[in-house]
Amino acid sequence: MPDLDFILDRDALAHAVELMVGGGSCAEPSASLPVSLPETGIGGRAALDLLAPSVLGGASRLGDAGAMAHMDPPTPWITWATTLWNASLNQNLLHPATAPVARDVEKRVIGWLAPYFGMDGGHMVPGSTIANLTALWAARERARVEEVVYAETAHLSVSKAAHLLGLRARPLPCDREGALRSDALPADLGRSALVLTAGTTSTGAVDDLSLIGCAAWTHVDAAWAGPLRLSRVYAPGLAGLERADSIAISAHKWLFQPKESALVLFRDATLAHEAISFGGAYLATPNVGVLGSHGAVAVPLLATLLAWGREGLAARIERCMAIAGELAMLIADDDRLELLLPPRTGVVVWRPTNIEKTESLHAALPPESTSITTLADGKWLRNVVANPNVDMAGVATALTHGLRSL
Ligand SMILES: *Cc1c(COP(=O)(O)O)cnc(C)c1O
């Protein structure tokens, strides 16, 4: 008699979907959960009912009309369905025998996307933190670099990677908007990996991509803004990216994927992968990169690209860009507010002209709408439009209310 918990229970699964659609009844935190590991289980269905109020009801809703505080997008339902497939199959791309199809799916997805970035291959990783580490590891092996040079506004994962790899970390000054000051670049980059950011986390700034190629290795951290290359309207804003040696892109940001999903791409993936491969007695094929066991995160991404096509994906990203543009205009037109810079990558940074009021204005706005970021000259408010369902009319009303309460 097989253990039925490893076999489909259609009713319980349908119930799980109902709970998900219902969104959980209340935001009650996990007070109802046992404090220590229960000795006796309550069964799958009861576990669902116990968890739904907090796990579903207590979660923020990234697709809500006002949600635009962070780089986390809502995910399309096709990714929910395919993630469920993944969980049920539990393939491991480390072993071709357990993932005969999933390995091909990942190759296919990389093959579809890499040409938009001028790259010839790569692999999937759980986030751009790991993508940046992997790329700089390849830089150390392939180009013998000894230091990592980057703008001080680069994501903390860049200095983290330098630290892990035993490379000297060399942060450089930026302009007011957060882009690397080219005049600050050292003259000799023959032993350096230069990291440029396409869409900084704080302000969405894009470093001067014409600097690509002036170091022994150039890596572009395009974690946030990379997907703009799939839009014919916005791709020219990232011109030059195709000359990089490696690129990081977080698919769980502007490719609308569930976490944890990202890509590390290489201009010459064969050589890069060789440099970061290890064999092992029990492995049929070499293990490439940082991860050991590795799930089929390519499946939801492939499904999304199939469902939407390039056009459908670009339309969602362009919608986000249009919302960011409208919001920036609203701010620029209000003499009580200051816009840091016109948004190039869907990130809008602004504050009241009376900067003493920055934090109270933040507190007066809906929490899912706005985050705070600290730049060299103090605190600013920040919106990141990763959500194509933002309703500008509602946002404008919330802003008016917030300003009135100051
Ligand atoms: C989000 C981000 C990262 C880190 O990516 P994760 O996917 O969160 O690991 C790196 N660089 C930039 C510019 C980012 O915005």
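Indexing begins at 1, ligand by ligand and atom by atom, following the structure's order.
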Quick check on ligand 1: any N or O pairs to the protein under 3.5 Å? One line per pair.
{"residue": "ligand 1", "atom": "5 (O)", "partner": "S128", "partner atom": "N", "Å": "3.4"}
{"residue": "ligand 1", "atom": "7 (O)", "partner": "S128", "partner atom": "N", "Å": "2.9"}
{"residue": "ligand 1", "atom": "7 (O)", "partner": "S250", "partner atom": "OG", "Å": "2.8"}
{"residue": "ligand 1", "atom": "7 (O)", "partner": "H252", "partner atom": "NE2", "Å": "2.7"}
{"residue": "ligand 1", "atom": "9 (O)", "partner": "S128", "partner atom": "N", "Å": "3.2"}
{"residue": "ligand 1", "atom": "9 (O)", "partner": "T129", "partner atom": "N", "Å": "2.9"}
{"residue": "ligand 1", "atom": "9 (O)", "partner": "T129", "partner atom": "OG1", "Å": "2.7"}
{"residue": "ligand 1", "atom": "11 (N)", "partner": "D221", "partner atom": "OD1", "Å": "3.2"}
{"residue": "ligand 1", "atom": "11 (N)", "partner": "D221", "partner atom": "OD2", "Å": "2.6"}
{"residue": "ligand 1", "atom": "15 (O)", "partner": "T201", "partner atom": "OG1", "Å": "3.1"}
{"residue": "ligand 1", "atom": "15 (O)", "partner": "K253", "partner atom": "NZ", "Å": "2.8"}

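Residues satisfying the side chain to side chain contact (heavy atoms under 4.5 Å, CB included) criterion with E359, sequence neighbours excluded, are I372, K379. Considering only residues two or more places apart in sequence or on other chains, R10 meets the side chain to side chain contact (heavy atoms under 4.5 Å, CB included) condition with L8. Shown here are the salt bridge (charged side-chain N to carboxylate O under 4.0 Å, His left out) partners of D334, two or more places apart in sequence or in another chain: R336.
Using a 4.5 Å cut-off on side-chain heavy atoms (C-beta onward), L196 and T218 make contact. For the pair L185 and L180, the minimum side-chain heavy-atom distance is below 4.5 Å.
R316 forms a cation-pi arrangement with W308, by the criterion of a distance under 6.0 Å to the ring centre and an angle within 45° of the ring axis.
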